[in-house]
S.K.: 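Please find one structure pasted underneath; my questions will follow.
Given the structure is predicted, the values throughout are model-derived calculations rather than measurements. Hydrogens, waters and symmetry mates are skipped; everything else that's a heavy atom, side chains included, is used. The chain is numbered in sequence order, starting from 1.
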Amino acid sequence: MSDWNGVSEFVAVSETESFTAAGKRLGISTAQVSRQITALEARLAAKLFYRTTRKVSLTDVGRVYYRHCRQVMDGLEEAERAISNLQSSPRGRLRITAPVTYGERTIAPLVNDFALKYPELEVQLHLTNQKIDLVEEGFDLAVRLGRLEDSSMMAKRLSSRTQYVCAAPEYLQAHGVPHSLSELERHNCLVGTLEFWRFQESGKPRSIRVRGSLRCNSGQALTDAACKGLGLVQLPGYYVQRYLDRGELVSVLDHFNEQDDGIWALYPQNRHLSPKVRLLVDHLAEHLS
């Protein structure tokens, strides 16, 4: 049977980066924390922390051990929560990741509302456009856009997004309105991270390689360029909808629009019964639908 001595102290020091702060969190002395960590390192025959007079930081081995211990601690917290019937009042840590722009504009406000509703939660929202390994990095939930690739995750469709091809009225006045996909080759197409734009023609998906005078990996920057009349752009509605509503951009080729992409909540299979994750997914689905 595994020896759990020192694990709570190890997790506390890992998260506070301080033996003193860890002791205060656990309600024990700094000396006791130090003794438990020393005994744990001896038992594992591994150095878990780099120690200086100013800082305590995890070693590479320590980081691996922390990820596993954190998952175990989270599991224990969830088990205690289930026994105590605390599903309606979740507590503990909740780690979420989402794409940067959609996260800033849409997900973060909803997560903030959720955190306000459940003040005993410690919410960590990490915005990145990189695909994170949820299990490896210790995340409870990811919001993903578009087509899903990872079949090892549990997934719930929260909403959908529409891709628009649009341009400023001034650009269309000067260069004409495209009515067919073949006309795109005669237009200045503002390109993002992908060289292909996706459409649907005669009920079948079709990808068109586009070219133009500007390439940028920021949807906001491409939206600005389109509004200033530099060319056509294909972007999701959360970038361009407000400009379409105000007439600063005009949508074209609408009859070739691909079926709406999904907006998904992904979470590891071993956490699908977690009350805090389930409540957050329901909260997001309710407000995004």
Side-chain angles (χ1 to χ4, degrees), residues 96-113 125-131 142-147 157-201 205-264 284 287-289:
I96 312 148
T97 180
V100 176
T101 301
Y102 188 72
E104 289 175 338
R105 294 184 178 180
T106 304
I107 298 301
L110 294 177
V111 169
N112 292 340
D113 291 340
L125 176 59
H126 180 63
L127 301 181
T128 176
N129 293 330
Q130 302 297 317
K131 293 293 178 67
V143 175
R144 296 270 169 85
L145 310 178
R147 299 171 180 173
R157 190 182 183 108
L158 301 173
S159 185
S160 60
R161 64 172 185 174
T162 302
Q163 296 275 2
Y164 293 95
V165 176
C166 50
E170 297 79 11
Y171 174 87
L172 297 175
Q173 214 170 27
H175 301 278
V177 177
H179 297 287
S180 66
L181 298 183
S182 61
E183 293 178 64
L184 286 175
E185 65 181 16
R186 302 200 297 269
H187 281 269
N188 192 39
C189 298
L190 310 177
V191 185
T193 54
L194 302 177
E195 295 182 356
F196 292 87
W197 287 359
R198 288 163 32 199
F199 298 96
Q200 186 165 289
E201 188 174 28
R206 184 177 175 190
S207 295
I208 303 290
R209 183 186 290 274
V210 293
R211 296 180 177 82
S213 62
L214 177 66
R215 179 186 295 271
C216 183
N217 64 349
S218 164
Q220 289 184 237
L222 291 173
T223 301
D224 181 73
C227 287
K228 291 175 178 174
L230 288 178
L232 292 168
V233 71
Q234 185 182 60
L235 286 170
Y238 55 83
Y239 283 108
V240 299
Q241 189 63 59
R242 71 182 76 173
Y243 303 101
L244 292 170
D245 293 341
R246 297 200 297 248
E248 296 176 40
L249 291 174
V250 177
S251 180
V252 300
L253 300 173
D254 291 344
H255 50 296
F256 293 106
N257 279 352
E258 192 178 37
Q259 287 186 346
D260 289 352
D261 282 336
I263 298 174
W264 306 87
L284 293 175
H287 290 85
L288 293 176
S289 61

S.K.: Indicate the ring-plane relationship of Tyr171 and His187, choosing parallel, tilted or perpendicular according to the 30° and 60° boundaries.
M.R.: tilted

S.K.: Find the distance between CG (Leu288) and OG (Ser159) and round it off to the nearest 0.5 Å.
M.R.: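 Going from CG on Leu288 over to OG on Ser159, the span is 5.5 Å.
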
S.K.: For the NZ atom of Lys131 and the OG1 atom of Thr97, what is their distance to the nearest 0.5 Å?
M.R.: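 Output value for this atom pair is 10.5 Å.
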
S.K.: Could you tell me which non-hydrogen atom of Arg209 sits nearest to which non-hydrogen atom of Phe196, and how far apart they are?
M.R.: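 Scanning both residues, the minimum pair turns out to be NH2-CZ, 3.4 Å.
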
S.K.: To check you understand the geometry: which heavy-atom pair defines the closest contact between Val177 and Glu183, and what is its length?
M.R.: O-OE1, 3.9 Å

S.K.: As an exercise, state the distance from CG of Asp224 to CG of Leu230, rounded to the nearest 0.5 Å.
M.R.: 8.5 Å

S.K.: Tell me yes or no: between the side chains of Gln220 and Thr223, is some donor less than 3.5 Å from an acceptor?
M.R.: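 Result is no, nothing qualifies.
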
S.K.: Measuring from atom SG of Cys189 to atom CD1 of Ile208, what distance do you get when rounded to the nearest 0.5 angstrom?
M.R.: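 Reported to 0.5 Å precision, the distance equals 10.0 Å.
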
S.K.: Counting only heavy atoms not in Glu201, do more than 12 sit closer than 6.0 Å to its CD atom?
M.R.: yes

S.K.: Could you tell me whether the side chain of Tyr239 reaches within less than 4.5 Å of the side chain of Arg105, counting heavy atoms only?
M.R.: yes

S.K.: Does a donor on one side chain and an acceptor on the other come within less than 3.5 Å for Thr193 and Asn217?
M.R.: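 On atom types as modelled, these side chains do not qualify, holding no pair under 3.5 Å.
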
S.K.: For Pro99, is there any backbone N or O sitting under 3.5 Å from a side-chain donor or acceptor partner on Asn129?
M.R.: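 Looks like no, no N/O pair under 3.5 Å.
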
S.K.: Taking the side chain as every heavy atom from C-beta outward, state whether Leu214 and Val191 have any pair of such atoms under 4.5 Å apart.
M.R.: no

S.K.: What heavy-atom pair brings Pro178 and Leu253 nearest, and what distance separates the two atoms?
M.R.: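 Closest heavy-atom pair between Pro178 and Leu253: O-CD2, 3.5 Å.
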
S.K.: Any sub-3.5 Å donor-acceptor pair from Trp264's side-chain atoms to Leu145's backbone N or O?
M.R.: no

S.K.: How far apart are the C-alpha atoms of Asp245 and Gln241, what are their side-chain angles, what is the distance that settles it, and do they pass the side-chain hydrogen bond (donor to acceptor under 3.5 Å, both in side chains) test?
M.R.: CA-CA 6 Å; Asp245 293 341; Gln241 189 63 59; 2.9 Å; yes

S.K.: Please report the interatomic distance OH(Tyr243) to CG(Leu235), rounded to the nearest 0.5 Å.
M.R.: 11.0 Å

S.K.: Are the side chains of Tyr102 and Leu127 in contact, using a 4.5 Å heavy-atom criterion?
M.R.: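 When only atoms from C-beta onward are counted, Tyr102 and Leu127 do not touch, as no gap falls below 4.5 Å.
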
S.K.: How long is the straight-line distance from CD1 of Ile107 back to CD1 of Ile96, given to the nearest 0.5 Å?
M.R.: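 If I round to the nearest 0.5 Å, the distance is 9.0 Å.
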
S.K.: For Gly231 and Ala167, work out which heavy atoms get closest and say how close.
M.R.: O-CB, 3.7 Å

S.K.: Side chains of Cys227 and Leu249: closer than 4.5 Å at any heavy-atom pair?
M.R.: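 Sidechains of Leu249 and Cys227: in contact.
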
S.K.: Consider side chain to side chain donor-acceptor pair (under 3.5 Å). Of Arg198, Gln200, Arg206, which one does Glu258 pass it with?
M.R.: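 Only match with Glu258 under side chain to side chain donor-acceptor pair (under 3.5 Å): Arg198.
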
S.K.: Under the 3.5 angstrom rule, does the side chain of Asn257 hit a backbone N or O of Thr162 as a donor-acceptor pair?
M.R.: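 Flag not set: sc Asn257 to bb Thr162 has no pair under 3.5 Å.
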
S.K.: Considering non-hydrogen atoms only, spot the tightest contact between Leu190 and Ala225 and give its length.
M.R.: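 The pair with the smallest heavy-atom distance is CD1-CB, 3.8 Å.
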
S.K.: Kindly indicate whether the side chain of Leu172, heavy atoms from C-beta on, has any atom under 4.5 Å from the side chain of Pro169.
M.R.: no

S.K.: In the structure I gave you, are the side-chain heavy atoms of Cys166 and Val250 within less than 4.5 Å of one another anywhere?
M.R.: no

S.K.: Does Arg215 come within less than 4.0 Å of Glu195, counting only side-chain N to carboxylate O?
M.R.: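 Looking at Arg215 and Glu195, the cut-off is met.
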
S.K.: Side-chain donor-acceptor pair under 3.5 Å between Tyr238 and Thr101, yes or no?
M.R.: no

S.K.: Could you tell me which non-hydrogen atom of Gly103 sits nearest to which non-hydrogen atom of Pro109, and how far apart they are?
M.R.: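 So the two residues come closest at O-CD, 4.2 Å.
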
S.K.: Does the side chain of Asn188 reach to within under 4.5 Å of the side chain of Leu232, using non-hydrogen atoms?
M.R.: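 No. Closest side-chain heavy atoms not under 4.5 Å.
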
S.K.: Is there a side-chain contact between Val233 and Val165 in this structure, where contact means two heavy atoms from C-beta onward sitting under 4.5 Å apart?
M.R.: no

